[in-house]
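First the structure, in the form of structure tokens, and then the observations on it.
Lettering follows sequence order; numbering is per chain, from 1. In what follows, every heavy atom counts, from backbone to side chain, and hydrogens, waters and symmetry copies are set aside.
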Amino acid sequence: MWALRDRSCDVDEADGEGPCRLHHPLEGCPDGLRRERSRRGGGGRCRNRRRAGIRVSLPEGEGDPQGPGGGVRHGPVDGNRCARRTGRRLTQGGSMRYSELFLPTGREVPSDAELASHQLMIRAGMIRKLTSGIYSYLPMGYRVIRKVEQIVREEMNRAGAQELFMPMVQPAELWQESGRWVHYGRELLRFRDRHEREYCLGPTHEEVITDLVRNEIKTYRQLPRNLYQIQTKFRDEIRPRFGVMRCREFAMKDAYSFDANEAGAEESYRKMFEAYGRIFRRCGLDFRAVEADSGSIGGSYSHEFMVMADSGEDAVVFCTACDYAANLEKAEIAPPEKTPSVDEARLPLEEVHTPGVRTIEEVCAFLSVTPREVVKTLIFNADGKPAAILVRGDHDVNEIKVKNVLGCDELELAMDDMILDVTGSPRGFAGAVGIRARVIADYSLINMTHCVMGANREDYHLKNASPERDFSVSAYADLRVVRAGDPCPRCAAPVRMARGIEVGHVFKLGTKYSRSMRAVYLDAAGKEQTMVMGCYGIGIGRTVAAAIEQSHDDQGIVWPMTLAPYAVIITPVNSNEETLARASESLYQALSARGVEVLLDDRDERAGVKFKDADLIGIPLRITVGPKKLAEGRVELRIRRTGEVRMLPLGEAVDGVSDLIRAELERIGG
RNA sequence: CGGGAUGUGGCCCAGCCUGGUAGGGCACUGCGUUCGGGACGCAGGAGUCGCGCGUUCAAAUCGCGCCAUCCCGACCA
């Protein structure tokens with residue numbers, strides 16, 4: 001019976017329509033909620049009160065959830081919605097007694113967790129690993145997940161997107177149609193059903209949504225549309241790591257826009273870009289939108305939303321003067337001016353004997369030159385055809401740029417046999433002079449003359465090699481990895497580097513999928529047109545991990561108010577003392593009635609244990625109820641982030657805490 | 001896929017080199033004392049020592065094979 005009601009409760013919340021009608025009886029059931037239930041004619045009794053066996057006396061007017069100021073606005077941006085309702089929707093049961101919570105905290109750092117966020121999520125009882133890259137979310141973790149989801153929902157809806165829900169299991173045919181059955185690689189988990197039909201677990205949903213839309217949308221009148229879901233994705237990562245940061249099964253919000261034309265698609269993209277900014281701001285994150293490569297999703301351009309953190313897997317380049325910012329993979333370098341007069345190629349080309357000298361370091365040492373004077377020649381295998389890529393000795397090749405310039409699908413460094421084939425020598429002596437491959441040089445070669453490079457002959461290098469005179473270059477392009485201090489491609493000021501965690505990615509897809517899968521419509525002239533698409537992802541779990549990565553200390557997590565599983569924890573320092581328990585209970589009831597998410601630490605534990613746990617799980621505010629202060633009619637309010645402690649008269653505690661929460665939510669949401 | 005490491009009660013780890021009765025801390029149960037920053041005492045419960053094969057009178061320990069996990073790299077939304 002309760003299972004049934006519980007489910008209806010879930011559905012209500014999941015579809016974003018209003019609060020749940022009934023709370024699970026085992027969850028905290030403070031006055032405000034119970035009153036609401038009876039108002040709605042629901043059943044269920046509050047066992048907690050019976051168990052607690054304490055008569056509660058509330059301060060005047062505290063018990064009425066309908067009263068003025070009743071409820072805290074959890075969605076500060078969502079101004080039109082009933083504040084109390086919004087507050088409820090952001091909770092999974094409002095308040096809770098610690099003694100009944102499934103919250104296994106740990107003192108030990110798990111041996112296989114490297115990142116602070118990973119360690120803390122395990123220690124704070126948020127997640128448990130089932131198997132490599134696959135995690136369960138425990139109640140405390142799931143509450144935070146739901147907070148992020150809810151913020152995402154509100155902002156997506158606000159931006160005009162509609163929520164739907166698509167299957168995780170997808171037929172091979174759809175992927176064959178888009179071409180990705182072949183191109184996606186081993187990351188796509190494939191399997192067969194009992195009829196030997198092929199399927200995959202969806203790593204993303206472009207195929208499914210495009211199929212859906214092409215079948216249902218036929219006319220320009222039905223456009224534009226933006227559809228999104230929050231779904232579990234599966235990507236069979238080669239190497240899952242860092243807990244939920246890079247795992248195989250994970251929750252993702254993915255949205256897809258369909259427009260009649262380019263201009264519409266641009267507008268959809270802009271709306272999503274702005275919605276993402278609002279989402280991550282509301283999550284309390286220090287983030288940055290950067291230009292990105294669109295990778296295997298494809299499409300014309302994209303931005304990543306990066307949470308700045310030293311532990312981030314991605315390197316981000318940004319300008320110290322203008323607002324240019326890009327993923328290192330994508331970061332550009334402006335073409336240099338050609339300065340012809342400086343150093344004409346005068347000295348003759350010279351071949352020198354360099355036995356066993358292969359690497360740049362060895363060459364420099366042997367010939368007493370610096371890496372800047374050496375040209376590195378790398379032979380790539382691009383879809384089976386060789387290409388010679390030239391960069392300066394002190395630079396690194398950016399393979400993504402090479403791939404984009406060559407326009408190939410597969411790119412890898414050539415094997416020894418291909419090197420021998422195009423250079424006529426073993427690995428380590430490749431150069432551009434006389435090479436049997438297309439030669440593409442990095443911009444940095446434009447003004448180089450008299451450089452050192454391999455001679456395409458074992459144990460020999462060339463000196464004074466100069467482009468044009470000694471070898472031809474079919475194209476100059478931006479091919480190298482940007483370094484700190486390089487000039488910004490927009491304004492030429494030096495760029496800086498930082499690390500980031502990619503929590504969101506917006507792509508302008510163009511017609512990549514709509515063309516291959518024939519998602520077309522009739523325009524006003526009755527002419528068939530191809531829809532222009534965009535897609536937009538947010539890693540939900542990763543956003544939670546990123547928030548922890550960015551906000552923790554040596555005691556544990558420090559949640560921003562918008563993501564905190566509970567806003568306040570009430571800690572009676574000794575649960576056996578009746579007066580402390582009664583005052584705590586009373587505060588608990590009063591705060592709950594205000595719509596504040598409150599956790600009452602009613603466990604029979606020593607104060608130290610409670611303090612440590614409260615800090616570990618990162619509840620932003622703690623009300624400590626101790627004997628001496630209580631005798632003076634006061635309680636202590638401690639702010640997790642700063643450690644600041646304020647004394648509050650008992651009668652002002654509820655107002656004081658509510659005001660603080662409201663102020664904090666407004667600060668983050670504003 | 002290449003390189004490295006690890007697998008011993010729920011968690012962290014010792015024991016392995018030098019084969020012989022499976023250990024500690026945390027957690028858990030009971031009782032007592034304690035009670036404002038992860039208490040103490042006493043008494044308990046809990047382990048196929050990753051799996052398999054082999055060597056041996058005897059294997060957590062030695063050998064071989066496999067599996068899993070983690071780290072570095074390759075690779076990559």
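Comparing the same atom, P, in rG47(B) and in rC51(B) gives a spacing of 14 Å after rounding to whole Å. When the C1' atom is used for both rU21(B) and rG10(B), the distance is 26 Å, rounded to whole Å.
Scanning residues 268-275 of chain A for heavy-atom distances under 4.0 Å to RNA chain B yields an empty list.
As judged by a 4.0 angstrom heavy-atom cut-off over every strand, E237(A) is placed among residues making no nucleic acid contact. Residue T624(A) is in base contact, counting any heavy-atom pair closer than 4.0 Å across all strands shown. As judged by a 4.0 angstrom heavy-atom cut-off over every strand, E636(A) is placed among the base-contacting residues. Across all strands shown, P627(A) has heavy atoms under 4.0 Å from base atoms, whether or not it also approaches the sugar-phosphate. Counting non-hydrogen atoms under 4.0 angstrom, R638(A) reaches a base of the nucleic acid.
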Collect all protein-nucleotide pairs involving nucleotides 22-25 of chain B in which both atoms are nitrogen or oxygen and the distance is under 3.5 Å.
residue: rG25(B); atom: N2; partner: E108(A); partner atom: OE2; Å: 3.1

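One can find a donor-acceptor pair under 3.5 Å joining the base of rG38(B) and the side-chain atoms of D613(A).
When distances run from any side-chain atom of R542(A) to the nucleotides rA77(B), rG38(B), rG37(B), the shortest one goes to rA77(B). The nucleotide whose nearest atom lies closest to any side-chain atom of F611(A) is, among rC13(B), rC1(B), rG36(B), rG36(B). The side chain of S111(A) has rC12(B) as its nearest neighbour among rG38(B), rC12(B), rG73(B). Of the candidate nucleotides rA39(B), rC12(B), rU69(B), rU69(B) has the atom nearest to the side chain of K129(A). For R246(A), counting side-chain heavy atoms from C-beta on, the closest listed nucleotide (rG36(B), rC70(B), rC76(B)) is rC76(B).
Between the side chains of H505(A) and S302(A), a donor-acceptor pair is found at a separation under 3.5 Å.
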